[in-house]
> 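Got a structure here, written out as structure tokens. Questions coming.
All figures in this text were calculated on a predicted structure; none of them were measured in a lab. Count residues from 1 along the sequence. Just follow the structure's listing: the first ligand is 1, and inside any ligand the first atom is 1.
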Amino acid sequence: MSKKNKNIAYVSVFFSLICLISCSNSASDTVSSDNEISSDSLHNHFKGLFRMGAAINEQTILGFDKQSKEIVTTEFNSITPENSLKWMYLQPEPNQFDFSVADKYVQLGLQNNMYIVGHALVWHSQLADFMQNIQSSTEMNAHVQNHVNTVVSRYKGKINAWDVVNEAFNEDGTLRTSVFYNQMGEDYIDQVFQWAAKADPDADLIYNDYNVYKPSKRAGILRLVEKLKSNGTKISGVGVQAHWDLNSPSLQEIEQIILDISSVGVPVSFTELDISVLPSPWELVGAEVSQNFSELEGDPTMNPYPNGLPDAIQNQLAKRYEDIFKLFIKHKDKISRVTFWGVMDKHSWLNDWPIKGRTNYPLLFDRNYQPKKAYQSVIHATTTD
Ligand code: G3I
């Protein structure tokens with residue numbers, strides 16, 4: 001037995017014992033106790049259903065985090081760069097491009113025959129400083145066109161899908177007044193998709209956003225898809241970020257996302273899936289990166305599991321993942337990819353957002369690079385009706 005399979009077998013016995021102790025409380029709180037961890041990789045279990053991806057950080061891309069790299073290349077068949085292909089890193093100064101990490105990212109995907117995602121071409125956040133000070137629409141158009149053309153052309157035929165425009169909508173379905181909107185006007189998204197399609201006609205071109213479960217925001221996105229399609233502009237799908245928690249959104253709300261996006265004739269990709277187990281300040285949902293609650297830093301009620309996740313919550317997380325994946329599988333014909341926003345809990349952005357310095361557990365692998373019960377439950381979802 002390989003070292004990895006041994007680890008998996010140990011984890012299986014461990015979780016079976018935990019389940020004997022804790023699953024007896026209430027069947028509805030737990031995943032089925034007859035789970036078996038297969039030595040097969042995660043993506044193999046989803047063969048014929050949809051791609052299974054992970055966002056990877058620079059340490060993994062550059063090979064400094066060998067364990068993470070091993071998990072990523074074994075368990076997943078798609079990768080997304082968590083930060084490395086964002087504008088501020090690729091083009092920090094006008095026409096000064098730095099592709100050193102991006103090239104390694106693409107190389108990693110090609111070597112492992114993965115579906116490679118580019119994230120994100122046009123986003124108001126993590127943008128280069130010089131882009132914030134542009135005063136004319138002509139100049140803005142020129143910079144955006146140059147960025148899209150230079151980056152997409154470089155990886156033509158290598159990067160399979162681009163998050164072309166990211167987070168362009170407000171919660172009420174109107175367009176966010178970003179620097180792009182302000183300088184290029186309300187048709188800027190259409191324009192950017194056209195530039196991307198010209199630079200690589202074969203790449204999948206995605207519009208990506210969070211809080212798509214909210215009907216008003218989703219309506220704006222659906223209008224965009226219909227508009228682009230009626231203009232003859234290529235759009236290959238909607239990316240639903242899926243930064244969710246143990247209770248929200250409901251399965252019904254998630255199902256409605258899938259049905260509505262599919263009804264406008266494009267597939268859904270769940271592009272940034274993670275499930276926070278921590279209390280949320282006020283009614284905060286989604287992934288608005290500008291929000292943070294510094295006054296709550298160090299508040300123990302906001303960080304209840306600094307030394308490990310109690311079994312009951314571990315089970316709840318696993319059950320939530322299993323329910324979500326059962327739903328995804330039910331709609332497999334409408335879904336092209338599910339990507340987790342990270343690999344190990346310890347690297348998740350959710351340890352620092354919206355409150356810095358917390359200990360969150362949103363992913364499938366724990367702080368010691370071991371598969372969690374949620375890993376099994378995701379696989380188990382493929383074995384049931
Ligand atoms: O680059 C600096 C580095 O020089 C410095 O040493 C380090 C110290 O903190 O910070 C580094 O920058 C951080 C960057 O990630 C790269 O690690 C920023 O502080 C940090 O704010 C940034 O967070 C990223 C966030 O986007 C920024 O908006 C998260 O890692 C990343 O997971 C998150 O990803 C976004 C998606 O792109 C879009 N959807 C929402 C999602 C979650 O916010």
> Check each heavy atom of Trp341 against ligand 1 and say whether those closer than 4.0 Å belong to the side chain, the backbone, both or neither.
side chain

> Show me the pairs that pass salt bridge (charged side-chain N to carboxylate O under 4.0 Å, His left out) and involve residues 337-350, at least two apart or across chains.
Asp345-Lys372

> Determine all donor-acceptor pairs shorter than 3.5 Å in which one atom belongs to a side chain in residues 133-145; sequence neighbours excluded.
| unit_1 | atom_1 | unit_2 | atom_2 | d |
| --- | --- | --- | --- | --- |
| Gln135 | NE2 | Asn133 | O | 3.3 |
| Ser136 | OG | Glu139 | N | 3.0 |
| Asn141 | ND2 | Ser137 | O | 3.0 |

> Specify whether Phe325 and Phe50 have parallel, tilted or perpendicular ring planes, treating 30° as the upper limit for parallel and 60° as the lower limit for perpendicular.
tilted

> Taking 4.0 angstrom as the limit and counting only heavy atoms of His243, give me the atoms of ligand 1 inside it, by number and element.
40 (C), 41 (C)

> One thing to verify: whether Lys217 and Asp209 come together as a salt bridge, which I'm taking to mean a side-chain N less than 4.0 angstrom from a carboxylate O.
yes

> Are any of the N or O atoms of Glu167 closer than 3.5 Å to those of ligand 1?
yes

> Considering only heavy atoms, which of Gln59, Glu272, Lys86, His119 lies nearest to atom 33 (C) of ligand 1?
Lys86

> Please state whether the rings of Phe328 and Trp244 are parallel, tilted or perpendicular, taking 30° and 60° as the class boundaries.
tilted

> Salt bridge or not for Lys319 and Asp323, using N-O below 4.0 Å?
yes

> Could you establish whether Tyr210 and ligand 1 come within less than 4.0 Å of each other, counting only heavy atoms on the residue side?
no

> Yes or no: does Trp353 have any heavy atom under 4.0 Å from an atom of ligand 1?
no

> Give the atoms of ligand 1, by number and element, whose distance to some non-hydrogen atom of Asn166 is under 4.0 Å.
38 (C)

> Is there a nitrogen or oxygen of Trp349 sitting under 3.5 Å from a nitrogen or oxygen of ligand 1?
no

